[in-house]
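The model shown is predicted, which means the values in this text are computed figures rather than measured ones. Just so it is clear: chains get the letters A, B, ... in the order the sequence lines come, proteins before strands, and each one is counted from 1.
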There are 2 protein chains.
Amino acid sequence: MQNDTAKIDKLPGKRVTNQRRLLINILKQANRHLDADELFSRAKLQEPHISLSTVYRNLRLFKDLGVITERHFIEEHHHYEVRLKADHHHLICVECGRVVEFDSDQIAQIAKKIGREQDFDVTDSDLHIEGYCPRCKKLGKNKDQ
Amino acid sequence: MQNDTAKIDKLPGKRVTNQRRLLINILKQANRHLDADELFSRAKLQEPHISLSTVYRNLRLFKDLGVITERHFIEEHHHYEVRLKADHHHLICVECGRVVEFDSDQIAQIAKKIGREQDFDVTDSDLHIEGYCPRCKKLGKNKDQ
DNA sequence: CTGCCTGCAAATCTTTTGCACCGAT
DNA sequence: ATCGGTGCAAAAGATTTGCAGGCAG
């Protein structure tokens, strides 16, 4: 269950560089999903010489290793988060972009069941719910633009 | 319930151009999710002069009108599909990218319940399940690369 | 040492924008 | 006739790649 952490601390078959350790730590500590550029900015605070290509190269590596998950919400680019639990889900405000995460065993079970019906080996599931958050719906979601 | 279709046939407050009609029709008839470039290629077959900017401009318009939904699966760019039903869900093969769509009232109910708990006005939900499809898991998902 | 990883710069790919003309209403 | 929509080209943004030098194993 904490294999992920092991994978993070010692990337299997790959070299552990300062840049990689730093990037993983930032991702782990981030309380929100980061995009490549945000990750780059935060990394530069500690390692001013780090380059954006290193960030992209390692995001791809981490993703391939299954250490992080790539998400696409309402904004234009990808966001990344460390995979802490097997599955967790998202409630996204289409107005302000706020993301609320939650768990649900029930959903995981449904996902497994559907996988079985379609003969898929399920590795991950994400119930992505869109709507208006309390604040935005109060401010009136019906005014044009 | 078929307001979407009405919206497509007569874009409210917007001009109905050949390009728009064409793009909507291609999206409606596509049996898979299209990205901007695929949509552009198909449109060019019927309207060789259409430009990619027109495709992007109208994808944005359709999305704002709620006529299409933007998705991001495992590939790099956005994919679009016409919203036929209120909610439908996706099973995606992480190896070959195949997408299986399915319905589930149960999921819609869960989404509503969670929305209620978090005081969100839910407008859409998508259970996004990843895994290996029958073919890919047979070919051996464990080989490197 | 050796080869993987990095920084830098340039290349590529995706999406947006400015502008003059065109066509739906 | 008006003004929103279009095509084209150029700009802006996001991501990838080539290369020479650096450092983890």
Side-chain angles (χ1 to χ4, degrees), chain A residues 7-27 33-65 67-80 144-145, chain B residues 7-27 33-65 67-80 144-145:
Chain A
K7 241 190 258 174
I8 292 172
D9 292 341
K10 176 132 189 42
L11 302 159
K14 297 289 176 180
R15 293 191 178 164
V16 178
T17 63
N18 289 331
Q19 291 91 329
R20 284 179 181 170
R21 239 191 311 265
L22 172 60
L23 293 174
I24 288 285
N25 284 335
I26 294 172
L27 285 167
H33 303 166
L34 300 177
D35 65 18
D37 210 59
E38 287 164 339
L39 178 56
F40 177 53
S41 303
R42 297 190 187 196
K44 260 198 304 195
L45 298 176
Q46 298 186 238
E47 193 85 309
H49 267 268
I50 197 170
S51 84
L52 188 52
S53 355
T54 296
V55 171
Y56 275 111
R57 272 189 285 237
N58 283 313
L59 279 173
R60 170 164 291 211
L61 172 68
F62 300 159
K63 192 174 62 157
D64 289 346
L65 291 176
V67 171
I68 60 172
T69 300
E70 192 179 73
R71 307 270 179 201
H72 174 263
F73 300 125
I74 51 173
E75 310 89 33
E76 289 310 310
H77 30 270
H78 301 156
H79 280 67
Y80 302 87
D144 37 319
Q145 209 334 347
Chain B
K7 242 192 255 172
I8 293 171
D9 292 342
K10 176 134 191 42
L11 302 160
K14 297 287 176 181
R15 295 189 178 165
V16 179
T17 63
N18 289 331
Q19 291 91 330
R20 286 180 179 168
R21 239 191 311 264
L22 172 60
L23 293 174
I24 287 286
N25 284 335
I26 294 172
L27 286 167
H33 304 165
L34 301 178
D35 67 17
D37 209 59
E38 287 164 339
L39 178 55
F40 176 53
S41 303
R42 295 190 189 196
K44 259 197 305 193
L45 297 176
Q46 295 185 239
E47 190 88 329
H49 268 267
I50 198 171
S51 84
L52 188 52
S53 357
T54 296
V55 171
Y56 276 109
R57 273 188 285 238
N58 283 313
L59 280 174
R60 169 164 292 210
L61 173 68
F62 300 159
K63 191 175 63 157
D64 289 347
L65 291 176
V67 170
I68 59 172
T69 301
E70 192 179 72
R71 307 269 178 201
H72 172 261
F73 300 126
I74 51 172
E75 310 90 30
E76 289 311 309
H77 28 270
H78 301 157
H79 280 68
Y80 302 87
D144 39 317
Q145 188 359 349

Side-chain N or O of B:R20 closer than 4.0 Å to phosphate OP1/OP2 of D:dG5 | yes

Which of A:T17, A:N58, A:N18 passes side chain to side chain contact (heavy atoms under 4.5 Å, CB included) with A:L23? Answer is A:N58

On DNA chain C, check which nucleotide each of B:N18 and B:L52 is closest to and give me the residue with the more 5' one.
-> B:L52

To the nearest angstrom, the CG-P distance between A:D35 and C:dT14 comes to 19 Å

Does B:Q19 make a side-chain N or O approach to OP1 or OP2 of C:dG23 shorter than 4.0 Å?
-> no

Nearest-angstrom distance from the residue atom NE2 of B:H49 to P of D:dA9 = 12 Å

Distance check: side-chain N/O of A:Y56 vs OP1/OP2 of D:dT15, anything under 4.0 Å?
-> yes

So what does A:N58 touch, heavy atoms closer than 4.0 Å: a base, only the sugar-phosphate, or nothing?
-> sugar-phosphate

Any B:R57 side-chain N or O less than 4.0 Å from OP1/OP2 of D:dG5 = no

In sequence, state the C-alpha distance, the side-chain angles, and the governing distance for B:L61 and B:R20, and then conclude on side chain to side chain contact (heavy atoms under 4.5 Å, CB included).
-> CA-CA 10 Å; B:L61 173 68; B:R20 286 180 179 168; 3.6 Å; yes

Does the base of D:dC8 carry an N or O that pairs as donor and acceptor with the side chain of B:S53 under 3.5 Å?
-> yes

Under 4.0 angstrom between A:R15 side-chain N/O and D:dC23 OP1 or OP2 | no

Looking at B:T54 and B:Q19, what are the two nearest heavy atoms and their distance?
-> CG2-CB, 4.1 Å

Mind checking whether A:D37 and A:L52 have side chains closer than 4.5 Å, heavy atoms only?
-> yes

Would you say B:T54 reaches D:dG5's phosphate, i.e. side-chain N/O to OP1/OP2 under 4.0 Å?
-> no

Value in whole Å for how far the P atom of C:dT6 lies from CG of A:L22 = 11 Å

Separation of B:R60 atom CZ from D:dT6 atom C1', in whole Å?
-> 17 Å

Atom NZ of B:K44 and atom P of D:dT6 are separated, to the nearest Å, by 17 Å

